[in-house]
Amino acid sequence: MSHINDWVIKQRRYLHQHPELSHQEYKTKAYIEKQLNELGIPTHSLTGKDVIGTIKGEKRGKTVAIRSDMDALPIQEETGLSFASSNANVMHACGHDGHMAILLGVARNLIKMTNEIAGTILLVFQHAEEELPGGANELVTHNLLDGVEAMFGYHLWQPIPSGIIGVREGATMAGADKFNITIKGKGGHGSMPQDTIDPTLIISSVIMQLQSIVSRSLATNDEAVVSIGELHSGSNYNIIPDTAFASGTVRYFNLNTSQEIEKRMNAIIDGICSAYGATYKLDYQHGDPPLFNNPKLTSFIEKHAQDNVGINQVKRIDGIMGSEDFAHYSHKIPSSYIFLGIGKEDAPYGHHHPKFDINEDMLAVGVKLFTESLLDYMKEGHK
Ligand code: NI
């Protein structure tokens with residue numbers, strides 16, 4: 001196996017050096033197509049940005065899919081690696097280079113084992129995971145999942161120590177919504193507030209009260225987050241402005257919770273604005289839903305992970321408040337998404353940091369785990 005691991009690392013480094021932003025992964029797409037075609041794996045694309053490789057077993061059977069994302073981030077790399085990004089302000093700072101390399105390794109193994117495969121394996125190289133609207137939803141809309149029985153996914157994960165595989169059943173990554181609040185008051189001189197409707201005061205009150213939604217309106221075991229990330233009001237120290245603006249994010253593990261938070265948000269803003277005589281606009285955008293891991297499929301992959309790295313190296317993890325557009329697949333068909341730990345004490349930089357790097361040892365773990373899991377899943381008569 002060792003030469004395949006070298007090949008996988010080579011793939012990762014090439015992809016790391018040539019990152020592309022979401023919805024612009026055209027060279028990445030061409031590169032992946034070339035690699036798969038050279039292995040003898042036919043490819044097609046549903047959106048012109050993704051690559052779907054197809055491995056047909058020698059026996060008939062079900063269809064399963066496994067997904068890697070492909071996009072990089074608008075970050076100027078600061079790792080100093082010899083294969084650092086050659087594109088200014090674009091960097092694989094989330095590990096998607098490693099995800100692609102793992103899936104190429106799995107492809108290279110499985111194409112030699114078609115006599116052991118009953119059915120079809122779709123290798124899904126998906127564009128635009130990092131942006132809304134993302135690639136997963138687009139592929140679902142383009143009928144990627146028609147006839148597909150199950151879907152696997154994975155992320156190299158810095159918060160988990162290297163060598164450990166994290167799994168979870170049920171809601172595993174949060175749903176993520178975005179909102180913009182604009183308060184319209186009436187501006188005037190800072191010395192004569194009685195003639196104004198001060199939107200800065202009003203939005204301050206709104207921000208404070210929004211924090212009551214999670215603490216007072218949701219059940220204590222219904223985990224959620226409401227965070228304001230942006231706030232703008234006014235332009236000069238003695239002028240009360242006409243409008244104030246804030247934007248933020250909402251995270252949750254139940255779809256109903258998202259509806260409830262939006263409803264409460266409207267009620268709070270409406271109540272405060274009417275008390276002060278201001279008007280408002282709340283633009284609430286529902287984003288990726290929570291990622292739901294099918295229990296049966298997750299036990300299946302967990303068992304293989306235990307065989308692969310040892311029972312003590314596989315951990316049940318808490319839900320993660322980050323979001324992931326793989327969630328769209330998980331709402332359509334049984335899916336399982338797991339985490340390959342890459343955390344190291346001497347590499348403390350998290351995902352999306354300009355010094356983020358992966359532990360390449362975990363690439364081989366991912367390749368072996370998914371080669372064996374898929375092979376087992378595609379065995380004739382597997383239930
Ligand atoms: Ni990512």
Side-chain angles (χ1 to χ4, degrees), residues 22 74 130-134 137 171 173-292 319-325 327-328 331 352:
S22 312
E130 299 282 4
E131 251 184 33
L132 280 176
N137 197 30
M173 294 188 79
D177 299 343
K178 180 185 174 191
F179 60 86
N180 298 317
I181 303 167
T182 308
I183 308 278
K184 180 129 178 42
K186 180 171 169 254
H189 200 291
S191 67
M192 287 177 273
Q194 72 277 18
D195 296 333
T196 72
I197 298 172
D198 184 355
T200 310
L201 178 70
I202 296 166
I203 207 157
S204 303
S205 183
V206 163
I207 290 169
M208 296 293 287
Q209 295 313 313
L210 290 183
Q211 291 310 321
S212 74
I213 297 175
V214 173
S215 67
R216 301 291 93 175
S217 301
L218 302 182
T220 52
N221 59 356
D222 187 6
E223 293 171 273
V225 172
V226 175
S227 287
I228 301 282
E230 200 182 355
L231 175 61
H232 303 288
S233 185
S235 57
N236 198 60
Y237 83 102
N238 64 355
I239 300 171
I240 292 172
D242 278 322
T243 60
F245 173 87
S247 74
T249 185
V250 171
R251 304 295 168 109
Y252 51 91
F253 289 110
N254 293 307
L255 277 178
N256 292 343
T257 306
S258 163
Q259 310 292 339
E260 177 64 18
I261 290 174
E262 181 185 7
K263 208 175 88 195
R264 288 296 306 143
M265 205 174 260
N266 254 307
I268 287 169
I269 301 170
D270 192 64
I272 293 172
C273 284
S274 82
Y276 287 100
T279 57
Y280 73 96
K281 188 170 166 254
L282 171 62
D283 168 27
Y284 193 100
Q285 301 161 21
H286 294 271
D288 291 333
L291 189 158
F292 187 82
I320 294 169
M321 275 296 171
S323 72
E324 159 63 67
D325 77 350
H328 289 281
H331 283 266
H352 297 205

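Sequence positions, counted from 1, serve as the residue numbers for this chain. Every heavy atom of this structure was used, including side-chain atoms; hydrogens, water molecules and symmetry mates were not.
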Verdict with supporting geometry, Ile261 and Leu218, side-chain contact (heavy atoms from CB on, under 4.5 Å)
CA-CA 9 Å; Ile261 290 174; Leu218 302 182; 4.2 Å; yes
Yes or no on side-chain contact (heavy atoms from CB on, under 4.5 Å) for Glu324 and Asp288, after CA distance, side-chain angles and deciding distance?
CA-CA 7 Å; Glu324 159 63 67; Asp288 291 333; over 6 Å; no
side-chain contact (heavy atoms from CB on, under 4.5 Å) for Ile269 and Ile183? Distances and angles first, verdict last.
CA-CA 9 Å; Ile269 301 170; Ile183 308 278; 4.2 Å; yes
Verdict with supporting geometry, Leu255 and His331, side-chain contact (heavy atoms from CB on, under 4.5 Å)
CA-CA 11 Å; Leu255 277 178; His331 283 266; 4.1 Å; yes
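Counting only heavy atoms from C-beta outward, the side chains of Tyr280 and Thr243 never approach each other to under 4.5 Å. Side chains of His328 and Pro289 form a contact here, defined as non-hydrogen atoms less than 4.5 Å apart. With a 4.5 Å cut-off on side-chain heavy atoms, Ser258 and Val250 do not count as touching. A 4.5 Å side-chain heavy-atom check between Leu291 and Ser323 finds every atom pair outside the cut-off. Contact check for Ile197 versus Ile202: side-chain heavy atoms found under the 4.5 Å cut-off. A 4.5 Å side-chain heavy-atom check between Ile268 and Ser212 finds at least one atom pair inside the cut-off. The shortest side-chain heavy-atom distance between Glu262 and His286 falls under the 4.5 Å cut-off. Considering only heavy atoms from C-beta on, Asp198 stays 4.5 Å or farther from Pro193 through its side chain.
Tyr284 pairs in a side-chain hydrogen bond (donor to acceptor under 3.5 Å, both in side chains) with only one of the listed residues (Asn266, Asn180, Asp177), which is Asp177. Of the residues listed (Leu282, Asp283, Leu231), the one engaging Ile181 in a side-chain contact (heavy atoms from CB on, under 4.5 Å) is Leu282, and it is the only one.
Across all non-hydrogen atoms, the minimal contact from Gly185 to Pro199 is N-CB, 4.3 Å. The shortest non-hydrogen separation linking Met173 to Phe253 is C-CE2, 3.6 Å. The minimum heavy-atom distance between Ser227 and Val225, with the atom names listed, is OG-CG1, 3.4 Å.
The distance from the NZ atom of Lys186 to the OG1 atom of Thr279 is 13.0 Å, given to the nearest 0.5 Å. In this structure, CD1 in Ile239 is found 11.0 Å from OG in Ser191, a value given to the nearest 0.5 Å. Here the straight-line distance linking atom NE2 of His232 with atom CD1 of Ile203 works out to 10.0 Å at 0.5 Å rounding. Atom CD of Gln209 sits about 12.0 Å away from atom CZ of Arg216, to the nearest 0.5 Å. For the atom pair CD (Glu230) and OG1 (Thr249), the distance works out to 12.5 Å, reported to the nearest 0.5 Å.
Listed for the Arg251 side chain is no donor-acceptor partner under 3.5 Å among the backbone atoms of Ala174. For Gln211 (side chain) and Val226 (main-chain N/O), a donor-acceptor pair under 3.5 Å exists by modelled atom type. Within the 3.5 Å criterion, the main-chain N or O of Thr196 finds no donor-acceptor partner in the side chain of His189. In this structure, Ser217 contributes its side chain and Val214 its backbone to no donor-acceptor pair below 3.5 Å. The backbone N or O of Ala244 lies less than 3.5 Å from no partner atom in the side chain of Thr182, so there is not a single donor-acceptor pair.
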